[in-house]
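Keep in mind that what you see is a predicted model, and the values were worked out from it rather than measured. The first residue of the sequence shown is numbered 1, and numbering continues consecutively from there.
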Amino acid sequence: MDSFSIKTDNLRKSFDKTTALDGVSFDFSAGLLHGLIGSDGAGKTTIMRLLAGLLKPSAGGINYCRDGKPAAFSELRPSLAYMPQQASLYPDLSIDEHLDFFRELYRLDAAVYARRSAELLEITRLEKFRRRRAGQLSGGMYKKLGLMCALLQSPSVLLLDEPTNGVDPISRREFWELLYALVADKILIIVSTAYMDEAERCARVHLLDSGRLLASGEPRAVLKETGAVNFEEIFIKKGARI
């Protein structure tokens, strides 16, 4: 599997008179789980859409690397999967029907699809719910189905926009266990969240407020550098929203 990394340089994005991102620079190192941490309106979704090529920056740049060498976005695109925050599944389709739909979308070989879908159903514990419609799934199960659809193509880069928002604590824990299993495969994962306790679960954190980058780095190092006990305290110290 190819190893991809992404860097942004003084990235800016405006919508009419609203500044969503105000000159942010990130270093998303390959093979790590990165967390974009911030409240609603921090700019997390805008960053995700820019990285996925769904938006164009107003200023600044996004640089992609493949195995340590500069690469065009077109090289990354087939290996990138994006799971948006908004409900994106079809309520009338079952889990099996969703997987079959994405098999056609990704044009997967029958043998590859059989192996990959079986693996995903096992790790998500959704095997016995294969015929249940998406509209009848619990919040946590719905998120797992979305993750399965994103992972079916075995991506090298995974963008997850607030995947645990609105789900119960047990489902949140199970979802993070799935992410840890993926990191073992050296996938670059970028996950956004407004839950401060999830920051410590990441290998690298990037704290955002109103389109500005407050701090970046390994969680414990960021806490030590700012002299804070937890991430809520960092936001409070900087006069940011939590």
- Task: Evaluate the side-chain contact (heavy atoms from CB on, under 4.5 Å) criterion for residues R77 and S74: first the C-alpha distance (whole Å), next the side-chain angles of each, then the deciding distance (0.1 Å), finally the verdict.
- Result: CA-CA 5 Å; R77 184 64 191 90; S74 58; 5.7 Å; no
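- With a 6.0 Å radius and a threshold of 12 heavy atoms from other residues, nucleotides or ligands, E232 has its CD atom above the threshold.
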- Task: Let me see the working for L36 and I190 under side-chain contact (heavy atoms from CB on, under 4.5 Å), right down to the final yes or no.
- Result: CA-CA 7 Å; L36 292 172; I190 304 174; 3.9 Å; yes
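- K13 contributes a side-chain N or O that, together with a main-chain N or O of K56, makes up a donor-acceptor pair within less than 3.5 Å.
- How far CG of L208 is from CZ of F235: 7.0 Å, rounded to the nearest 0.5 Å.
- Evaluation of the side-chain contact (heavy atoms from CB on, under 4.5 Å) rule for I123 yields L120, L178 as partners, not counting sequence neighbours.
- Side-chain atoms of N10 and S25 include no donor-acceptor pair closer than 3.5 Å.
- With sequence neighbours left out, the salt bridge (charged side-chain N to carboxylate O under 4.0 Å, His left out) criterion links R204 to no other residue.
- Of all the heavy atoms in T19 and S14, the pair that sits closest is OG1-OG, 3.8 Å.
- Residues D22 and R12 are paired through a salt bridge, judged by an N-O separation under 4.0 Å between the basic side chain and the carboxylate.
- Tracing side-chain contacts under 4.5 Å through hydrophobic residues (I, L, V, M, F, W, Y), one never reaches I189 starting from Y195; they form parts of separate clusters.
- For the atom pair NE2 of H98 and CG of L93, the computed distance is 5.0 Å after rounding to the nearest 0.5 Å.
- In this structure, the side chain of D168 engages the main chain of S171 through a donor-acceptor pair within 3.5 Å.
- You'll find the side chain of Y113 reaches within 4.5 Å of the side chain of D100, heavy atoms only.
- Under the rule for a salt bridge (charged side-chain N to carboxylate O under 4.0 Å, His left out), the partners of R66 that lie at least two apart in sequence or sit in another chain are D2, E75.
- Residues forming a side-chain contact (heavy atoms from CB on, under 4.5 Å) with E233 (at least two apart in sequence, or on another chain): A228, V229, N230, K237.
- Sorted by first and then second residue, the salt bridge (charged side-chain N to carboxylate O under 4.0 Å, His left out) pairs involving residues 108-123 (not counting sequence neighbours) are R115-E119, R116-E119.
- Once rounded to the nearest 0.5 Å, the distance linking CG of L11 with OG1 of T46 reads 9.5 Å.
- Applying the ring pair (Phe, Tyr, Trp, His ring centres under 6.0 Å) criterion to F231, with sequence neighbours excluded, gives no partner residue.
- Shortest non-hydrogen contact noted between S3 and A30 is OG-CB, 3.2 Å.
- Here the side chain of S79 pairs no donor or acceptor atom with the backbone of S156 at under 3.5 angstrom.
- Under the ring pair (Phe, Tyr, Trp, His ring centres under 6.0 Å) criterion, F175 pairs with no residue, sequence neighbours left out.
- Residue pairs meeting the side-chain hydrogen bond (donor to acceptor under 3.5 Å, both in side chains) criterion with at least one partner in residues 26-35, sequence neighbours excluded, are H34-H206.
- F4 and Y106 fall into different hydrophobic clusters, where Ile, Leu, Val, Met, Phe, Trp and Tyr side chains are chained together by heavy-atom contacts under 4.5 Å.
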Going by atom type alone, with no hydrogens or angles, which donor-acceptor pairs under 3.5 Å involve a side-chain atom of residues 142-153 and a protein atom two or more places apart or on another chain?
from	atom 1	to	atom 2	distance (Å)
Y142	OH	S88	N	3.4
Y142	OH	L89	N	3.1
K144	NZ	T124	O	3.4
K144	NZ	E174	OE1	2.9
Q153	NE2	L80	O	3.3

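- Taking the side chain as every heavy atom from C-beta outward, W176 and C202 approach each other to under 4.5 Å.
- There is no path of hydrophobic side-chain contacts, each under 4.5 Å, that joins Y82 to L160.
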- Task: Start with the C-alpha gap between L51 and F26, add the side-chain angles, then the distance that decides, and say whether side-chain contact (heavy atoms from CB on, under 4.5 Å) holds.
- Result: CA-CA 11 Å; L51 297 180; F26 298 101; over 6 Å; no
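- Every residue was checked against the ring pair (Phe, Tyr, Trp, His ring centres under 6.0 Å) condition with F129, not counting sequence neighbours, and none meets it.
- A donor-acceptor pair is defined here as one N or O able to donate and one able to accept, closer than 3.5 Å; such a pair exists between the side chain of K44 and the backbone of G38.
- Contact check for L33 versus V191: side-chain heavy atoms found under the 4.5 Å cut-off.
- With contacts defined as side-chain heavy-atom distances shorter than 4.5 Å, the pair I95/R131 does not qualify.
- Side-chain contact between L21 and L50: present, with at least one pair of heavy atoms (C-beta onward) separated by less than 4.5 Å.
- Residues A52 and F73 share a closest heavy-atom pair of O-CZ, 3.3 Å.
- Look at E198 and R172 and you find a salt bridge, because one of the NZ, NE, NH1 or NH2 atoms lies within 4.0 Å of a carboxylate O, short of that distance.
- No continuous path of ILVMFWY side-chain contacts below 4.5 Å connects I37 to V167, so the two sit in separate hydrophobic clusters.
- There is a path of hydrophobic side-chain contacts, each under 4.5 Å, that joins L54 to Y64.
- Listed by chain and residue number, Y90 satisfy the ring pair (Phe, Tyr, Trp, His ring centres under 6.0 Å) test with F101 (two or more places apart in sequence, or in another chain).
- Formation of a donor-acceptor pair under 3.5 Å by the T226 side chain with backbone atoms of I234 is not found in this model.
- When all heavy atoms of P163 and S192 are compared, the pair lying nearest together is CD-O, 3.5 Å.
- V183 has its side chain out of reach of L32: every pair of non-hydrogen atoms, C-beta onward, lies at least 4.5 Å apart.
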- Task: Could you give me the CA-CA distance, side-chain angles and deciding distance for V157 and L159, then say whether side-chain contact (heavy atoms from CB on, under 4.5 Å) is met?
- Result: CA-CA 7 Å; V157 178; L159 307 178; 4.1 Å; yes
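- Ion pairing between R130 and E127 holds under the 4.0 Å rule for side-chain N and carboxylate O.
- Q86 contributes atom CD, which lies 7.0 Å from atom CG of D161 (distance to the nearest 0.5 angstrom).
- Between the side chain of E162 and the backbone N or O of N165, no donor-acceptor pair lies under 3.5 Å.
- Among residues two or more places apart in sequence or in another chain, the side-chain contact (heavy atoms from CB on, under 4.5 Å) test is passed with I236 by I242.
- When side chains are defined from C-beta on, I6 counts as touching L188, because their heavy atoms get closer than 4.5 Å.
- Atom CZ of R201 is separated from atom CD of E177 by 8.5 Å, given to the nearest 0.5 angstrom.
- For the atom pair CE (M48) and CE (M83), the distance works out to 10.5 Å, reported to the nearest 0.5 Å.
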